[in-house]
Number of protein chains: 2
Amino acid sequence: MQRVTIAQVAERAGVSTATVSRVLSRRGQVSAAVERKVRRAADDLGYQVNVIARALRNSRTDTVGMVVPSITNPFFTSLVESVEHALGKEGKELFLCDARSDPQIEARRLASLAARNVDGIIVSPSHGVDSRPAVQQTADRLPLVQLDRFVDGTTTDWVGVDDVAAMRQVVDHLHDGGARSAAFIGSLMTHSSTEQRFAGFRRRAEELNIEVKPDQVLLGDYSVEWGEAAVARLIAEGGLPDALVCADDLIALGVTRACRAHGFAVPRQVQVTGYDDIEFSRLTEPALTTVHQPRDRIAAEAVRLLAAAGAKDAERGPHAHISLVPTLVVRDSTRAAQAPPDRI
Amino acid sequence: MQRVTIAQVAERAGVSTATVSRVLSRRGQVSAAVERKVRRAADDLGYQVNVIARALRNSRTDTVGMVVPSITNPFFTSLVESVEHALGKEGKELFLCDARSDPQIEARRLASLAARNVDGIIVSPSHGVDSRPAVQQTADRLPLVQLDRFVDGTTTDWVGVDDVAAMRQVVDHLHDGGARSAAFIGSLMTHSSTEQRFAGFRRRAEELNIEVKPDQVLLGDYSVEWGEAAVARLIAEGGLPDALVCADDLIALGVTRACRAHGFAVPRQVQVTGYDDIEFSRLTEPALTTVHQPRDRIAAEAVRLLAAAGAKDAERGPHAHISLVPTLVVRDSTRAAQAPPDRI
DNA sequence: CACCTCAATGCAATCGATTACAGCTGAGTT
DNA sequence: AACTCAGCTGTAATCGATTGCATTGAGGTG
């Protein structure tokens, strides 16, 4: 348990700790002979720097913290994977936290990451309003980038996709497949993702004259269960429209399943779309038409912004909002353009 | 960015840093009046302990590291969630790392966690053999518990399920459903999970006289893609047996999908079983019969062992192997006992 | 009143690595 | 021969919190 310290290496090499430090952190001038001696001694003893001590001394940890709403949501896990990969290239490590979709837990995680002196934080806020104080407070103390979702009215960097453009593609595609009425199933409008996606959906639906009944905009949470429940409610309240547009894939999976369970054929009688393109979206029956998020790009941009913020540090310049254009992935839960819709 | 230190609090309260520390960290003996003054000063300044400095001083970080083979495997993410929850109750935090199924990356992560002075490590090793040196080495330096999978020939604590007992239930159930021949589709025998599950499968299959052709034991990796590929290979090489027993749910999802794609009805013509009971296993068509792992129990036991190891510390007692009994979850990818099998 | 006990508090060392500053050495310069 | 300067290397301060030991003083005892 007792670890090898720089002092022990110094003693064995017959030099001072300063010299050892200079050799190992490859700064400063050291003669070749001494360098060899020190490296030899370090190897012999199996020396490893004590990251804690180093962090205390120069208040950098080469560590980035990330907070996501739910680690069980495959979209976030693959985003995490991308981020970790991008960070690896910079020699930084990731400290991952799960907020369990609770702004309170989220606030605690953010505080704890800050206390641990991470060099920066990447967060996908759990709530568009309630997450605000904690996010803003954290952003005031260290570099912070919001990913995918964002908090209303904070001034931080953000990277995500253009939800409005994506929804335009989705609605166009559904319209091509013959949809003349549609419902929207999302989480809450206090989530920027649902809010943006709904805005994009509604705007294009209006332009194309697709009917969206006010009571066919259903808001719950990002889960399979909610998707199932939403369909049950729609059916109970008068039946399904031509298309069901979901704010994420989990909801869409539940929606698809419920449609089939209630005897509605997808996509023959009702078309369904998701959002995110999680891996499982291609595995259900039918495979889901969805919006693919360029996760690696998002992650790379986030890491880049963080590095930049860490560098300039002193002067907080204007914040960047980077929105990437996602692509529609057409699978089997929607009708191809040429197929004549059943009802017409 | 400049943080409030204990010295500033001390000055404001008109006491020494020692007193402040005693007030804020421990129940050291401090008069009520002074305590009030100190707390007041700390609040006024918005003092927060510097976790790094504290960690350096008393080499405890109240942090546990966890390394999993793949963060995109839903089984592991829900395990992580359970572990984080269990740790939260002890006031500890989780530092999560993804090994990307690569023993080399895994070794780096373990080393880095150790360097960061985590109080203990929970690891589900990526490989039954190649992960050994890193795991053993890490276990020699600090408390370590293996979860679910384990490395051959290391002496550490371990928590997981009784794969042999689980497979016995699986095979019995398939036999009840009329299966008289079966294939096994897993990752590699160098993964303890596949090895144990296969052993349990084979033993019970022999006892029940279920035919298992040598070339119908297919080994690849834990992925949907491999499940699909395996089915293609089985079909190409002479057709499917009565049942396809998979070493995990991802494989089973791929297998189910491929069977249907190739025109085999599940479970009418071929029964399929998974292992882990990930959330998506109930969402496919048909919903998967699988083995449910008691994740919360596993996590709780792991955290308990870690705490115990951290406490005794000096005397490394004998290591505990805790195996919990999983339960079979019967869904629609297998036949109920009463339904007469098609082929008989 | 001298002496003792014990709670409250401060001083200063400590954890391990980094680094400003200073000292030393020897080659090069005048 | 005296002097400069660059290149190495060591000494000690530093990061911020904790804690063993010393000190103080109030209250108790004989």
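- Of the listed nucleotides (C:dA17, C:dT9, D:dG10), D:dG10 has the atom at the smallest distance from the side chain of A:Val15.
- What separates CZ of B:Arg60 from P of D:dA17 is a distance of 16 Å, to the nearest Å.
- Taking only side-chain atoms of B:Ser16, from C-beta outward, the nucleotide of C:dA17, D:dG10, C:dG10 with the closest atom is C:dG10.
- Put simply, CD1 on B:Ile6 is 11 Å from C1' on D:dT19, counting in whole angstrom units.
- Between atom OG1 of residue B:Thr72 and atom CZ of residue A:Phe76 there is a gap of 16.0 Å, rounded to the nearest 0.5 Å.
- Note: CG (A:Leu24) to C1' (C:dG16) measures 13 Å, nearest angstrom.
- Between the side chain of B:Ser131 and the backbone N or O of B:Gly128, no donor-acceptor pair lies under 3.5 Å.
- Atom CD of B:Gln29 is separated from atom P of C:dT5 by 17 Å (rounded to the nearest Å).
- Distances shorter than 4.0 Å separate none of the side-chain N or O atoms of B:Ser59 from OP1 or OP2 on C:dC15.
- One atom, CG of B:Leu56, and another, C1' of D:dT19, lie 14 Å apart when rounded to the nearest Å.
- Shown are A:Gln137, A:Gln146, A:Gln136; of these, the side chain to side chain donor-acceptor pair (under 3.5 Å) with A:Thr154 is made only by A:Gln146.
- Each of B:Gly14 and A:Ala53 was assigned the nucleotide of DNA chain C with the nearest heavy atom; the assignment lying further toward the 5' end belongs to B:Gly14.
- Between C:dT18 and A:Arg54, a contact under 4.0 Å exists linking OP1 or OP2 to a side-chain N or O.
- A:Ser21 has no side-chain polar atom (N or O) that falls below the 4.0 Å cut-off from OP1 or OP2 of C:dA17.
- Side chain of A:Ala18, nearest nucleotide from D:dA12, C:dG16, C:dT14: D:dA12.
- In terms of modelled atom types and a separation under 3.5 Å, the side chain of A:Asp157 and the main chain of A:Ala320 share a donor-acceptor contact.
- Between B:Glu11 atom CD and D:dG16 atom C1' there is a gap of 15 Å when expressed in whole angstrom units.
- Relative to the side chain of B:Arg22, the nucleotides C:dG10, C:dT19, D:dT18 differ in distance, and C:dG10 lies closest.
- Using a 4.0 Å heavy-atom cutoff across all strands shown, B:Val34 reaches sugar-phosphate atoms only and no base atom.
- The listed nucleotides are C:dA13, D:dG10, C:dC11; the one nearest the side chain of B:Arg57 is C:dA13.
- The separation between B:Asn50 atom CG and D:dT14 atom C1' is 14 Å, rounded to whole Å.
- Sequence order on DNA chain D of the closest nucleotides to A:Thr17 and A:Glu35 puts A:Glu35 first from the 5' end.
- The CZ atom of B:Arg116 sits 17 Å away from the P atom of C:dG16 (whole-angstrom rounding).
- Side-chain nitrogen and oxygen atoms of A:Tyr47 include none within less than 4.0 Å of the OP1 or OP2 phosphate oxygen of C:dG16.
- In this structure, the side chain of B:Asp119 engages the main chain of B:Asp62 through a donor-acceptor pair within 3.5 Å.
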